[in-house]
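Everything on this sheet refers to the single structure shown next.
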Amino acid sequence: MSLVSLLKPAGPSGYGYGTTAEQATAGLDLLGRTYVVTGCNSGLGLETMRVLGLRGAHIIALARTVEKAEAALATANVRGTKVACELSEPASVRAAVATIVALGRPLDAIICNAGIMALPSLQLQHGFELQFFTNHIGHFILVTGLVDALTQQGRVVMLSSDAHRAAPREGIQLDNLDGAQGYGAWRAYGQAKLANLLFAKALARRFEGTGRTANAVHPGVIATNLTRYMNPVAGLLFKLLTPIAFKSVAEGAATTCFVAAHPQVATSSGLYFADCNPRTPSKRAQDAELAERLWTKSEAIVAALP
Ligand SMILES: NC(=O)c1ccc[n+]([C@@H]2O[C@H](COP(=O)([O-])OP(=O)(O)OC[C@H]3O[C@@H](n4cnc5c(N)ncnc54)[C@H](OP(=O)(O)O)[C@@H]3O)[C@@H](O)[C@H]2O)c1
């Protein structure tokens, strides 16, 4: 718990900045529930999986390799199913979808947690900027493939970030997804996180009239392996500032667990949450027309992938 955690009051939900994932799920009985968690082997994904498992849930644990998922399940000490899912490889994501569907378990939530941040130089995968491709397209394939496996009250939780505000002025540069017209590390991360947010919004629109929901989350600022591409001094500074200004991993996983499992948000959809309460995202993130254009473009991209 940092100094800021101590100073910030709880919000209308009764939870706030300093709430931990264990506190946000205290008293919940998730026995018989099933949660898919991507990026389960590190940082917020590991803590999310641990805490939902602690409450009795069965976790479908996704990591780049089965070995990583298996080790994470053991570390978190939860019951679960290990599944390989390399989000930047469509064949791997499709195989993960097939494996999960074959399990025949109704899914209570799909938590799209995995992500990479601020690659210093442009990297391409299948012709697309890697953060956009991994963080958005990989999850787009996963979620659209698993939608029918969701329970009637199933939830989709997209890990976005307040860094979505760093996206380009036009939001998503649909004509520059290969970075050929310019690349900035934080701009590209912001664009990818805005894509996560807009995807949740477009999905929520498709869920209207059903009991299913889709929301996006800002977990806070937390020193995790996410800083791996930052220069080492900035990474160290991040760690040093944590006791004063940033969240712990336990606090960082709280909003995800709250939105994925808490009864308070059972019918909330199309929203952006931070500190376990709704937060207003950027203007671009509220642009329903942009969300639809991104959806259409994503479908076209996915259809053309090997
Ligand atoms: N930490 C923060 O301050 C912060 C702030 C705002 C938003 N977020 C978001 O929170 C989420 C979790 O981040 P974190 O802080 O927990 O970071 P982290 O510790 O680096 O964890 C990221 C996870 O994503 C996985 N991943 C990365 N690339 C992947 C790929 N191509 N295929 C499959 N899995 C992949 C990583 O697997 P490997 O370990 O195998 O690479 C790891 O399990 C991210 O979406 C991030 O954008 C974090």
Side-chain angles (χ1 to χ4, degrees), residues 2 17 21 36-50 61-73 75-76 82-93 95-96 111-119 123 125-126 128-139 141-142 157-167 185-186 188-197 199-200 216-230 234-235 237-239 241-242 245-257 259 272-275 279 281:
S2 68
Y17 185 99
V36 174
V37 181
T38 70
C40 74
N41 61 295
S42 177
L44 307 182
L46 185 60
E47 178 66 358
T48 297
M49 172 168 91
R50 186 188 72 77
L62 272 58
R64 290 180 204 252
T65 64
V66 175
E67 291 74 22
K68 280 191 176 188
E70 184 169 27
L73 281 165
T75 304
K82 54 186 191 266
V83 178
C85 181
E86 168 52 65
L87 285 164
S88 67
E89 224 17 281
S92 171
V93 185
I111 301 172
C112 296
N113 161 81
I116 46 173
M117 179 176 83
L119 275 57
Q123 285 188 51
Q125 180 74 343
H126 295 288
F128 297 94
E129 190 281 316
L130 189 57
Q131 293 169 80
F132 177 81
F133 199 80
T134 304
N135 299 359
H136 171 62
I137 294 294
H139 281 128
I141 300 171
L142 184 75
V157 183
M158 301 301 305
L159 265 284
S160 178
S161 169
D162 258 4
H164 79 271
R165 299 175 202 278
W186 288 103
Y189 180 64
Q191 173 170 269
K193 291 286 118 180
L194 176 62
N196 291 145
L197 226 163
F199 175 50
V217 159
H218 169 60
V221 180
I222 309 104
T224 64
N225 289 333
L226 197 64
T227 58
R228 76 188 82 178
Y229 296 108
M230 284 165 68
L237 207 62
F238 220 88
K239 285 204 175 90
L241 283 174
T242 291
F246 300 144
K247 287 189 181 185
S248 64
V249 169
E251 292 167 335
T255 306
T256 302
C257 289
V259 175
Y272 178 57
F273 286 84
D275 303 338
R279 173 176 289 181

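Fair warning: this is a prediction, and the values are worked out from it, not measured in the lab. Indexing begins at 1, ligand by ligand and atom by atom, following the structure's order. Residue numbers start at 1 and run along the sequence shown.
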*Nearest non-hydrogen protein atom, atom 28 (N) of ligand 1*: R64 NH2, 2.9 Å
*Could you tell me if any non-hydrogen atom of A72 lies under 4.0 Å from any atom of ligand 1?*
no
*How close do A69 and A63 get, heavy atom to heavy atom, and via which atoms?*
N-CB, 3.6 Å
_Between H218 and A274 (side chain of the first, backbone of the second, donor and acceptor by atom type, cut-off under 3.5 Å), is there such a pair?_
no
_Can you tell me which portion of T134 lies within the under-4.0 Å heavy-atom range of ligand 1? Options are side chain, backbone, both, or neither._
side chain
_Nearest protein heavy atom with distance in Å, relative to atom 3 (O) of ligand 1_ = I222 N, 2.8 Å
_Test your reading of the structure: does L226 have an N or O sitting under 3.5 Å from an N or O of ligand 1?_
yes
*Considering only the protein, which heavy-atom contact is closest to atom 45 (O) of ligand 1, and what is its distance?*
N113 O, 2.8 Å
_Between K239 (side chain only) and A223 (backbone N and O only), is there a donor and an acceptor less than 3.5 Å apart?_
no
*Is the shortest distance from a heavy atom of K193 to ligand 1 less than 4.0 Å?*
yes
*Under 4.0 Å to a heavy atom of G43 - the qualifying atoms of ligand 1, by number*: 16 (O), 19 (O)
_Is it the case that the side chain of S160 and the backbone of K193 share a donor-acceptor pair, with hydrogens and angles ignored and the cut-off at 3.5 Å?_
yes
_Using every non-hydrogen atom in the two residues, find where F246 and F238 come nearest and quote the distance to one decimal._
CD1-O, 3.5 Å
*asked:* Tell me the closest heavy-atom pair linking T256 and V157, and the distance in Å.
replied: CG2-CG1, 4.3 Å
*Is Q131 reaching over with its side chain to a backbone N or O of A118, donor-acceptor style, under 3.5 angstrom?*
yes
*Per-residue contact class, L87 against ligand 1 - non-hydrogen pairs under 4.0 Å*: both
*Quick one: which ligand 1 atoms are inside 4.0 Å of a heavy atom on V221?*
3 (O)
*Grab the two heavy atoms, one from E86 and one from V93, that are nearest each other, plus how far apart they are.*
O-CG2, 3.5 Å
_Nearest-contact summary for atom 40 (O) of ligand 1 - protein heavy atom, Å_ = K68 NZ, 2.4 Å
*Would you find a donor on one side and an acceptor on the other, under 3.5 Å apart, between the side chain of E129 and the backbone of F132?*
yes
*What atoms of ligand 1 come closer than 4.0 angstrom to any heavy atom of G220?*
2 (C), 3 (O), 4 (C), 5 (C), 6 (C)
*Using a strict cut-off of 4.0 Å, indicate which atoms of ligand 1 neighbour a heavy atom of S161.*
6 (C), 7 (C)
*Run down the list R228, Q131, H164 and name the one with the heavy atom closest to atom 41 (O) of ligand 1.*
R228
*Could you pull out the closest heavy-atom pair between Y189 and A163, with the gap in Å?*
CE2-CB, 3.6 Å
_Going by the rule ring pair (Phe, Tyr, Trp, His ring centres under 6.0 Å), which residues pair with F273 if we only count those two or more places apart in sequence or in a different chain?_
none
_Taking atom 23 (C) of ligand 1 as the reference point, the nearest protein heavy atom with its distance_ = G39 CA, 3.9 Å
*Counting each atom of ligand 1 from 1 as listed, which ones have a heavy atom of A114 under 4.0 Å away?*
24 (O), 25 (C), 26 (N), 34 (N), 35 (C), 45 (O)
_Identity and distance of the protein heavy atom lying nearest atom 19 (O) of ligand 1_ = S42 OG, 2.6 Å
*Could you pull out the closest heavy-atom pair between N113 and G45, with the gap in Å?*
ND2-CA, 3.3 Å
*Could you check which of A223, G115, G45, C85 puts a non-hydrogen atom nearest to atom 22 (C) of ligand 1?*
G115
*asked:* Within the 4.0 Å heavy-atom shell around P219, which atoms of ligand 1 are there?
replied: 4 (C), 5 (C), 6 (C), 7 (C), 8 (N), 48 (C)
*Just by modelled atom types, is the G252 backbone N or O under 3.5 Å from a matching donor or acceptor in the T255 side chain?*
no
*asked:* Is the ring pair Y272/H164 parallel, tilted or perpendicular, if the boundaries are 30 and 60 degrees?
replied: perpendicular
*Which of the atoms of ligand 1 are close to Y189, meaning less than 4.0 Å from one of its heavy atoms?*
7 (C), 8 (N), 46 (C), 47 (O)
*Can you tell which part of L46 has a heavy atom less than 4.0 Å from ligand 1: side chain, backbone, both or neither?*
neither
*asked:* Among all the protein's non-hydrogen atoms, which is closest to atom 43 (O) of ligand 1, and how far away is it?
replied: N41 OD1, 2.7 Å
*asked:* Counting non-hydrogen protein atoms only, what is the nearest one to atom 16 (O) of ligand 1? Give residue, atom name and distance.
replied: L44 N, 2.8 Å
*Measure the acute angle between the ring planes of H136 and F199, then classify it against the limits of 30° and 60° as parallel, tilted or perpendicular.*
perpendicular
*Numbered atoms of ligand 1 (with element) below 4.0 Å of I116, judged on heavy atoms*: 27 (C), 28 (N)
*Does ligand 1 have any atom sitting under 4.0 Å from a heavy atom of S88?*
yes
